[in-house]
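Remarks on the structure that follows.
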Amino acid sequence: MEISARDISQILSELADLMEIKGDNQYRISAYERAARSLRSLEEDFEELYRSDRLTEISGVGEGIAATIKEIVEEGSLQDLEELKRELPDGIIDLLQIPGLGPKRAHKLFYELQIGNVRDLKNALEDGAIRDLSGFGEKLEKKIAEGLRRYREYQKYISIDEAEDFYSGIKQFLDSTSVEIEEVFPAGSLRRKKELLKDVDMVVSVDSADQKELHLELETWRRIDEVERSRTSERFNNAQILECRLNDGLQLDIFLVSPADLPWALLMFTGSDLHLENLRQKAKTQGFDSDTDGIFCCSDEIDIKEEQDIYRALDLPYIIPELREGQGETEAAVCGELPESPGLKDIKGDLHVHTNFSDGSQNLEEMVQGAIARGYDYLAITDHSVSLRIADGLTPEELARQAEIIEEMNEKYEEIEVFKGTEADILPSGELDYSREVLAELDLVIASVHSGFNQTELEMTERIIKAVENPLVDIIGHPQGRLLKSREAYSVDMEAVIESAASNRTCLEINSFPSRLDLDDNYARLAGEKGVKMAINTDAHRTGEYENMIYGINVGRRGWLDKNDIINTYSLTEFKDFVSQRRI
DNA sequence: GCCGTTTTCGGCCCGACTGTTTTCAGTCG
């Protein structure tokens with residue numbers, strides 16, 4: 001089947017958004033949104049459900065939406081959506097991305113001021129047209145202007161997960177061409193695993209005789225708008241660098257290099273500039289001739305077959321791409337003080353997981369089975385707490401009922417230990433929303449901020465530190481509270497929080513959700529230096545999201561963390577010892 | 001439009017916050 005559950009989910013979301021702006025029935029709209037959410041997080045095989053005519057088994061999908069889905073699959077389009085698109089301008093959905101603007105205000109902006117996209121909005125703001133609209137005022141105008149500014153800034157970047165999806169797509173395309181390609185590698189900030197990227201770089205090792213053909217093939221790929229520029233690199237025997245613009249505006253640079261030049265090209269194209277400069281300096285002190293384009297001129301006596309050999313020639317241990325930011329890694333390598341960076345295989349359990357007791361989409365047993373399938377030795381079930389109504393947070397009674405099921409799981413599955421936990425809300429006062437008695441029954445307590453984001457820095461810092469100091473709190477969840485490309489971190493003095501976490505032996509989370517990555521790499525590094533222990537968790541709401549663990553690992557690696565800084569690399573016994581000791 | 005009935009209608013995640021109002025609509029999480 002050409003179309004996936006995800007594609008259909010996107011179409012339904014778009015339909016719902018346009019219906020909202022148009023001003024359709026609110027409940028009809030939420031029905032489409034609900035169905036879109038279900039499809040996005042579908043764990044069953046969509047094609048199988050479709051073929052066996054069991055679409056209505058998907059939660060939120062009734063006869064009506066099942067017919068809608070069939071229309072999308074069979075016709076490749078949707079009549080209702082096409083009609084809305086004729087009526088409303090292309091860019092209007094983008095307005096909903098701007099903080100302060102929802103469907104009602106977008107409706108008003110369009111029908112009263114003919115604002116149909118972000119550019120129109122910018123002009124209207126400059127003309128001062130918005131403040132005069134009924135229901136709008138000066139403060140709102142200011143808020144929208146600020147939201148617009150941030151929106152435009154966010155648009156310049158793509159997130160690491162989007163970049164990796166894109167990369168695997170183009171890799172698949174390259175494999176499908178008739179050109180004989182030796183190897184394909186990510187490069188640049190994608191290889192260094194930065195959380196946000198301005199462009200995607202890659203290195204393709206291909207015989208120089210085939211480079212022209214590959215260039216032509218690439219121009220046929222559906223996602224490439226055009227190959228804007230092609231230049232050659234003298235340093236690499238006239239290898240080609242293709243600068244492409246994609247149809248969604250993303251910039252893609254592809255370095256076509258002959259197999260013999262691969263190690264050098266990979267090093268150079270991975271960067272960062274600062275790291276390469278440090279390597280150049282190091283080469284100089286060893287008496288190598290410097291090379292304006294490369295790192296140094298290597299004599300023929302040194303046999304360079306892979307990237308590692310280059311570092312060896314410089315008398316350095318291999319430096320992983322995640323550390324190549326020119327932040328002291330070369331000096332640390334010289335002294336043998338590089339961290340023992342964690343890898344996916346070091347993770348022994350996930351300590352932040354939701355189930356359908358709160359806002360997860362799978363039941364507790366399915367989440368346990370998913371963790372077993374990943375080979376984990378332990379898992380903490382940490383659903384939302386009572387005050388988070390929107391996520392259906394658990395009452396103490398529900399928490400007790402969940403504890404019984406967890407005990408059943410521990411009886412049933414001997415390959416894993418399941419911990420009773422919670423992700424409790426840190427209320428604006430710094431108190432948690434469960435009593436001490438309730439919390440004391442649990443094996444693991446995560447405390448997170450989910451409301452009252454607008455406190456001052458001082459208030460927010462005191463609030464979080466109060467939770468850090470609470471002896472029943474083991475981990476502070478997503479401590480900075482940012483959502484990449486959509487919400488800034490709340491204003492909080494993270495250095496003070498880290499200091500407090502160190503002295504109270506409270507752990508901080510590295511939340512692996514690609515839109516969070518919170519702590520970020522810089523604060524993770526600081527926390528590590530201060531002796532704070534961290535947990536790399538997925539915050540999974542379904543088993544598929546266990547896969548996100550790698551994004552948190554990336555943060556840990558970029559943050560110079562050592563395996564031992566991360567508590568969920570511990571064995572089951574070590575982990576249990578750690579938790580019981582820190583609570584003393 | 002979905003869903004679960006007190007089963008073919010009536011409610012739908014729900015409360016806080018903000019700004020524009022002058023009593024509440026809209027947004028957000």
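In this text the structure is predicted, and so the values were computed from the model without any measurement. By convention in this document, chain letters (A, B, ...) are assigned in the order of the sequence lines, proteins followed by strands, and residues within each chain are numbered from 1.
By the ring pair (Phe, Tyr, Trp, His ring centres under 6.0 Å) test, A/F166 pairs with A/W221, sequence neighbours left out. Looking at residues two or more places apart in sequence or on another chain, you find a side chain to side chain contact (heavy atoms under 4.5 Å, CB included) between A/I550 and A/L344, A/I553, A/N554. Scored by the salt bridge (Lys or Arg N to Asp or Glu O under 4.0 Å) test, A/E462 finds no partners at all (sequence neighbours excluded). Partners of A/N117 under the side chain to side chain contact (heavy atoms under 4.5 Å, CB included) rule, at least two apart in sequence or in another chain, are A/R119, A/D120. Residues passing the salt bridge (Lys or Arg N to Asp or Glu O under 4.0 Å) test with A/R149, sequence neighbours excluded: A/E146. A/D24 meets the side chain to side chain contact (heavy atoms under 4.5 Å, CB included) test with A/M19, A/R28, A/I29; sequence neighbours excluded.
Within residues 41-58 of chain A, no residue has any heavy atom closer than 4.0 Å to DNA chain B. In the region residues 32-39 of chain A, proximity to DNA chain B at under 4.0 angstrom, judged on heavy atoms, holds for A/Y32, A/R34. Taking every heavy atom of residues 101-112 of chain A and every atom of DNA chain B, pairs under 4.0 Å involve A/L101, A/G102, A/P103, A/K104, A/R105, by number. Within residues 3-21 of chain A, no residue places a heavy atom under 4.0 Å from DNA chain B. Listed by residue number, the members of residues 64-78 of chain A with any heavy atom below 4.0 angstrom from DNA chain B are A/G64, A/I65.
Both A/R389 and A/V61 lie close to DNA chain B; mapped to their nearest nucleotides by heavy-atom distance, the more 5′-ward contact belongs to A/V61.
A donor and an acceptor atom, one from each side chain of A/E365 and A/Y413, are located under 3.5 Å apart.
Nucleotides of DNA chain B with any atom under 4.0 Å from a heavy atom of chain A span, from 5' to 3', B/dG1 to B/dG29.
Nucleotides B/dG11 and B/dC17, compared at atom C1', are 26 Å apart to the nearest Å.
Among the heavy atoms of the strands lying under 4.0 Å from A/I390 is at least one base atom, whether or not backbone atoms are also near. Within the 4.0 angstrom heavy-atom criterion, only backbone atoms of the sugar-phosphate kind lie near A/N454; the bases stay farther away. If you check every strand for non-hydrogen atoms under 4.0 Å, A/G100 touches sugar and phosphate atoms only.
Other residues, nucleotides and ligands place no more than 12 heavy atoms under 6.0 Å from the NZ atom of A/K194.
The aromatic rings of A/H450 and A/H384 lie perpendicular to each other, with more than 60° between the two planes, well past the 30° mark. In this structure, A/F453 and A/Y490 have parallel ring planes: the angle between them is below the 30° cut-off, well short of the 60° mark.
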